[in-house]
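What follows is a single structure, written as structure tokens, with notes after it.
Computed from a predicted structure; not experimentally measured. All values below come from the heavy atoms of this structure, side chains included, with hydrogens, waters and symmetry mates left out.
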Amino acid sequence: MKALVYYGPRDVRVSEMPDARIEHPADVLVKITITNICGSDLHMYEGRTNMEPGRIFGHENMGEVIEVGKSVSQIKVGDMVCLPFNIGCGHCTNCESGYTGFCLTMNPGMAGAAYGFAGMGPYSGGQAEYLRVPYGDFNCLKLPEDANEKENDYVMLSDIFPTGYHATELACVQPGDSVVIYGAGPVGLMAAHSAAIKGAGKIMVVDNHKDRLKLAEEFGAIAIDFSKGSAVDQVLEHTDGMGADKGCECVGYQCCDKHGVEHSNITMNELVQAVKATGKIGVVGVFVPKDPKSKDALQKIGHMDFDFGTFWMKGQSIATGQSNVKSYNRQLCSLISAGKANPAKIISHELSLDEAPDAYAHFDARDKGWTKVILKPGKVKKNLKKSL
């Protein structure tokens, strides 16, 4: 089968790989119809992780079931399914408690497993023609009859829509709240969409990419462009000096200042300043235990210079961690089916799998207009760029 394979920093190629196959009676084999490039893939693409050469990328996946293992009873051949990026067993303490992003059995020695991701187990990714899905009955979300019609929306249930929603859950966003979201990438935009769905009274999105901020406005948010001045000052101005009720961090450890220089602590410290006293902050941007290639001594060992004193004095709360996708994907799927959510609005490029290496280069460079890239194996679509 054709698959996008990692060979080293900024070196990914579409190569012939052994076909994915059923390896366990509980497995399901999926023919991938659509798979996305995620911002967190760039950490591996840039060589900032311990991703091994020869691995297949891709954790945002959707497709058609073409084979099932002998013990699979609920999922059938022909079903269209979306696959949570986190792989759960369904029977450990964490999975039974809803914390499927922190499964205790699928990646021994670490809580949590995922497709095609460094440190998250040996599982191949889905930027390929086929994908093996462990514990298929548990990990497959069977999609409604309009799956083909709305496939660009439904594939977002694999990661970024539930992750954006998770950010608002961690921050305890309630109807009427004012919310500040750092990052207008796909997850930040989905956090804005989720906050609007929850009835937030005012949504502010912080970034310096004008094309992404324009998309944030389409989701009903106020664009906060930090290239034009202090984001904190702008948030305070929009909240009568009080600060936002709730805050979401949707950038992670590679956040940059207005000059493009990385400082892993910027978004966290600014959220402490921009969120009101007793406010809550949800953090879904990726932060890693070690970043050996960082120029910052603290970040090399996964630490940061955090303004804990102000955080403590303001009586704020922070909740963190990757999304437990299965906790949200059925409800969010229903919103898409009912026309109440349309996450596909953020898609900028719909390409073939063969075009993936070029797409990674553009996405990594944060080129204008490259907001969210979806790949469709078996289809050839040349640079279908949405007008932004």
Side-chain angles (χ1 to χ4, degrees), residues 33-42 58-62 82 84-85 127 147 149-168 179-198 200 203-225 248-252 284-286 323 325 328-329 332-333 335-337 339-351 355-356 359-360 362-376 381 383-388:
T33 58
I34 181 169
T35 177
N36 305 339
I37 299 177
C38 179
S40 58
D41 288 329
L42 297 182
H59 61 270
E60 298 187 8
N61 307 309
M62 173 179 157
C82 187
F85 76 89
Q127 289 174 11
E149 175 189 347
K150 295 184 176 181
E151 66 176 353
N152 289 3
D153 286 300
Y154 285 126
V155 71
M156 302 303 172
L157 295 170
S158 59
D159 181 356
I160 61 167
F161 193 12
T163 295
Y165 193 87
H166 186 55
T168 66
V179 183
V180 59
I181 297 164
Y182 270 73
V187 171
L189 293 171
M190 289 298 92
H193 195 22
S194 299
I197 288 169
K198 287 186 167 192
I203 304 165
M204 298 159 281
V205 176
V206 178
D207 209 301
N208 67 337
H209 290 268
K210 292 176 175 54
D211 54 332
R212 296 185 174 194
L213 288 171
K214 183 179 178 182
L215 275 173
E217 290 177 328
E218 291 183 18
F219 283 111
I222 298 168
I224 304 291
D225 187 344
C248 298
E249 204 290 338
C250 300
V251 183
V284 295
V286 175
S323 173
V325 171
Y328 311 118
N329 63 358
L332 298 180
C333 178
L335 288 176
I336 292 172
S337 184
K340 303 293 186 182
N342 52 345
K345 281 174 62 174
I346 69 170
I347 294 171
S348 58
H349 293 76
E350 184 177 308
L351 305 173
E355 295 170 284
Y360 265 89
H362 284 290
F363 194 43
D364 182 54
R366 278 67 170 179
D367 286 342
K368 183 178 179 180
W370 286 77
T371 306
K372 184 64 174 179
V373 180
I374 63 173
L375 305 170
K376 295 191 173 182
K381 291 184 178 288
N383 292 325
L384 295 184
K385 183 177 179 181
K386 191 176 80 170
S387 177
L388 296 177

Min side-chain heavy-atom separation His209-Leu215 under 4.5 Å: no
Exercise: identify the closest heavy-atom pair between Thr168 and Ala195: CG2-N, 4.0 Å
Residues Leu42, Arg366; criterion side chain to side chain contact (heavy atoms under 4.5 Å, CB included); working and verdict: CA-CA 11 Å; Leu42 297 182; Arg366 278 67 170 179; 3.7 Å; yes
Between NE2 on residue His349 and NE2 on residue His362, distance to nearest 0.5 Å: 7.5 Å
Which atom of Ala184 lies closest to which atom of Val205, heavy atoms considered: CB-CG1, 3.6 Å
Exam field: side chain Ser348 to backbone Lys372, donor-acceptor pair closer than 3.5 Å: yes
Rounded distance (nearest 0.5 Å) linking atom CD of Glu218 with atom NZ of Lys214: 6.5 Å
Any His193 side-chain heavy atom under 4.5 Å of Asn342 side chain: yes
Where Leu157 and Leu332 come nearest, the two heavy atoms and their spacing: CD2-CB, 3.6 Å
Contact check, side chains of Thr163 and Met190, non-hydrogen atoms, under 4.5 Å: no
Parallel, tilted or perpendicular, as decided by the 30° and 60° cut-offs, for the rings of His166 and Tyr328: tilted
Note, Phe161 side chain near Ile336 side chain (heavy atom, < 4.5 Å): yes
Within-4.5 Å side-chain heavy-atom neighbours: Ile34 and Asn152: yes
Atom pair CD1/CD1 of Ile224 and Ile203 - distance to nearest 0.5 Å: 12.5 Å
Heavy-atom pair with the smallest gap, counting every atom of Val206 and Leu213: C-CD2, 4.4 Å
Heavy-atom check, side chain of Asn329 versus side chain of Cys82, under 4.5 Å: no
Euclidean distance, Asn61 CG relative to Leu375 CG, rounded to 0.5 Å: 10.0 Å
Criterion side chain to side chain contact (heavy atoms under 4.5 Å, CB included) on Ile37 and Gln127, from CA distance to verdict: CA-CA 8 Å; Ile37 299 177; Gln127 289 174 11; 4.1 Å; yes
Backbone N/O of Val284 and side chain of Glu249: donor-acceptor pair under 3.5 Å: no
Asp41 vs Tyr360, side chain to side chain contact (heavy atoms under 4.5 Å, CB included): CA-CA, chis, key distance, verdict: CA-CA 9 Å; Asp41 288 329; Tyr360 265 89; 3.4 Å; yes
Residue pair Pro186 / Thr371: nearest heavy atoms and the distance that separates them: CG-O, 3.3 Å
Whether Asn36 side chain and Cys38 backbone form a donor-acceptor pair below 3.5 Å: no
Reported NZ-to-CG distance for the pair Lys345 and Leu189, which is rounded to 0.5 angstrom: 9.5 Å
Distance (rounded to the nearest 0.5 Å) between Thr35 OG1 and Glu60 CD: 7.5 Å
Side chain to side chain donor-acceptor pair (under 3.5 Å) partners for Asp153, two or more places apart: none
Closest non-hydrogen atom pair between Gly164 and Ser194, with its separation: C-OG, 3.9 Å
ring-ring contact (aromatic ring centres under 6.0 Å, His included) partners for His59, two or more places apart: Phe85, Phe117
Heavy-atom side-chain contact between Arg212 and Ile346 under 4.5 Å: no
